[in-house]
Number of protein chains: 2
Amino acid sequence: METTGRNTEQIILEAAEQEFLLHGFEGTKTTDIANRAGVNHALLHYYYRTKENLFNRIFEQKMQLFGCALVDIFNGSTLPLVEQIVCAAGKHFDFLADNPGMSRLLLTEVLCKPSRMEQLMTHLDKLKEEVLQPMQEALDSEADAGHMARIDAVMLLMNIVQLNICAVVIQPYVQAYADNFGERRHFLALRREENLCIIRKRLAPDSEETKTTATPS
Amino acid sequence: METTGRNTEQIILEAAEQEFLLHGFEGTKTTDIANRAGVNHALLHYYYRTKENLFNRIFEQKMQLFGCALVDIFNGSTLPLVEQIVCAAGKHFDFLADNPGMSRLLLTEVLCKPSRMEQLMTHLDKLKEEVLQPMQEALDSEADAGHMARIDAVMLLMNIVQLNICAVVIQPYVQAYADNFGERRHFLALRREENLCIIRKRLAPDSEETKTTATPS
DNA sequence: GCCTTGTTTAACAACACTGTTAAATACGTC
DNA sequence: GACGTATTTAACAGTGTTGTTAAACAAGGC
């Protein structure tokens with residue numbers, strides 16, 4: 001019975017994933033997971049002793065997914081810098097839109113339990129070295145040449161991630177509020193354009209009137 | 001004993017507010033509230049029968065605060081439209097920065113319990129009539145005149161609220177991650193400038209290259 | 001001195017959820 | 001057919017939290 005054995009272990013894990021994505025850690029009950037997996041609730045503890053165990057596996061995986069996507073997407077190509085960044089922001093949006101549950105889970109869990117934020121931080125260390133530092137240099141040299149507006153790399157990344165995550169997470173609510181956006185895909189497509197438009201315009205060289213910059217001291 | 005009576009009732013309410021702001025609904029225990037208020041835990045139930053009662057009072061008040069601030073701040077002045085909007089966005093930022101607990105609570109509670117979102121919606125109905133509709137007309141006429149880029153009012157408001165809320169809520173985490181922003185007030189000041197810069201540039205008339213617009217069908 | 005109201009104490013009922021356990025059952029393998 | 005592993009059943013212990021209750025106490029107003 002090895003085949004079925006490994007199967008149900010997987011089935012439980014996937015059921016747990018879906019429950020946690022929908023209701024968060026506190027909101028899901030182990031019995032619900034068992035029900036969704038179609039197994040007895042005693043079997044959960046037989047495989048993964050505790051609820052925490054189960055959750056940590058899921059959460060860890062999601063954090064890794066999130067962190068790696070950032071690193072992968074924002075790691076340079078040969079395009080001009082602005083286009084490179086806008087393109088990356090678009091890919092990032094698509095990635096989040098394909099994993100709305102992940103965004104929700106990360107956001108809510110991390111906001112409710114600060115300790116989880118520290119956990120997430122460590123997954124973003126690669127980002128700091130591999131993406132942020134080289135990006136800052138590139139940004140500065142482009143700004144020096146007058147090809148784009150000056151901006152701090154952390155602020156830029158905040159802008160992109162904030163806009164993208166929020167868009168995906170609050171989409172259902174905005175659509176319930178303003179009924180004139182059609183179906184989900186349509187709204188998300190519009191929102192994607194809006195976000196990229198914002199980023200592109202933010203990066204465009206300063207005209208005379210719009211000269212404002214925020215950089216750390 | 002009327003004076004002291006009304007006092008402790010208030011004291012309990014304030015203690016509850018602080019606990020809820022810090023830990024959310026699920027995260028706070030009634031005994032913690034009692035402890036913070038310096039009264040016996042039986043007294044909570046004597047005044048406000050249930051935890052839900054207590055929470056709803058707080059939450060209702062916060063939603064109202066949030067909704068009214070939006071309406072007040074974004075209700076027109078005599079400035080040119082773009083300046084009017086940027087100025088309002090700045091005031092909105094300041095309001096959130098002064099009430100970081102409120103932003104956190106609204107965000108987390110509303111994300112975890114969709115029913116609360118519906119509750120929040122009703123508090124934003126005024127906004128729809130009094131702000132969004134007139135704003136859309138003003139935006140369109142300015143865009144027609146070529147004085148600013150075309151934009152949907154809902155998208156614009158989303159942009160502002162998202163950027164401002166996120167900035168305030170994730171500030172402690174970003175500061176823990178990137179250590180080069182100095183103290184909280186300094187970071188928030190920078191972030192405020194960044195947000196206003198984004199909005200201003202988004203609203204600036206389209207130059208030739210950056211021509212992208214998102215409007216509902 | 002007595003009544004009312006506010007407050008404390010301490011114990012307890014009710015409930016929901018997590019995790020454990022022992023015995024029974026199913027099933028593939030040898 | 002015997003054995004071992006996977007799985008179910010069903011009951012239960014433990015825990016944490018909410019909400020209730022009865023009795024006593026404090027203190028001001030009459």
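Side chains included, hydrogens not; waters and symmetry mates left out as well; all remaining heavy atoms used. Residue numbers start from 1 in every chain, and the chains themselves are labelled A, B, ... in the order their sequence lines are given, proteins ahead of strands. All values reported here derive from a predicted model rather than from experimental measurement.
Projected onto DNA chain C by closest heavy-atom contact, B:Y46 and A:K51 fall at different nucleotides, the more 5' of which corresponds to B:Y46.
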Its contact letters, B for base, S for sugar-phosphate only and - for none at protein heavy atoms under 4.0 Å, make nucleotides 8-15 of chain C read BB------
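The phosphate of D:dT18 (OP1 or OP2) has no side-chain N or O of B:R49 nearer than 4.0 angstrom.
Note on residues 122-135 of chain B: pairs passing side chain to side chain donor-acceptor pair (under 3.5 Å), not counting sequence neighbours, are B:E60-B:H123.
Rounded to whole Å, atom P of C:dC17 lies 17 Å from atom CG of A:L54. B:E19 places its CD atom 15 Å from the C1' atom of D:dT17, with the value rounded to the nearest Å. Rounded to a whole Å, the CD atom of A:E52 is 7 Å from the P atom of C:dG19. Rounded to whole angstrom, the span from the CG atom of B:N53 across to the P atom of D:dT18 amounts to 14 Å. At whole-Å resolution of the value, OH in A:Y47 and C1' in C:dT20 are 17 Å apart. Taking atom CG on A:L44 and atom P on D:dA6, their separation rounds to 16 Å, with Å as the unit. Rounded to a whole Å, the CD atom of B:Q10 is 15 Å from the P atom of C:dG6. With rounding to whole Å, B:H45 atom NE2 is found 9 Å from D:dT20 atom C1'.
Between B:R36 and B:Q18, the side chains place a donor N or O and an acceptor N or O closer than 3.5 Å (distance only, hydrogens not considered). A side-chain N or O of B:R191 and one of A:N159 form a donor-acceptor pair less than 3.5 Å apart. In summary, the side chains of A:N53 and A:R57 do not present any donor paired with an acceptor at a separation below 3.5 Å, with no hydrogens or angles considered.
The two residues A:I33 and A:A15 make their nearest non-hydrogen contact at O-CB, 3.8 Å.
Note that CZ of B:F20 is 14.5 Å distant from CZ of B:R104, once rounded to the nearest 0.5 Å. The distance from the CG atom of A:L13 to the OH atom of A:Y48 is 4.0 Å, given to the nearest 0.5 Å.
Annotation: side chain of B:I160 is in contact with side chain of B:F74 (closest heavy-atom distance under 4.5 Å).
Contacts between residues 22-34 of chain B and DNA chain D, defined by a heavy-atom separation below 4.0 Å, involve B:T28, B:K29, B:T30, listed by number.
Although no hydrogens or angles enter the test, the distance criterion places no donor-acceptor pair under 3.5 Å between the side chain of B:Y177 and the main chain of A:V154.
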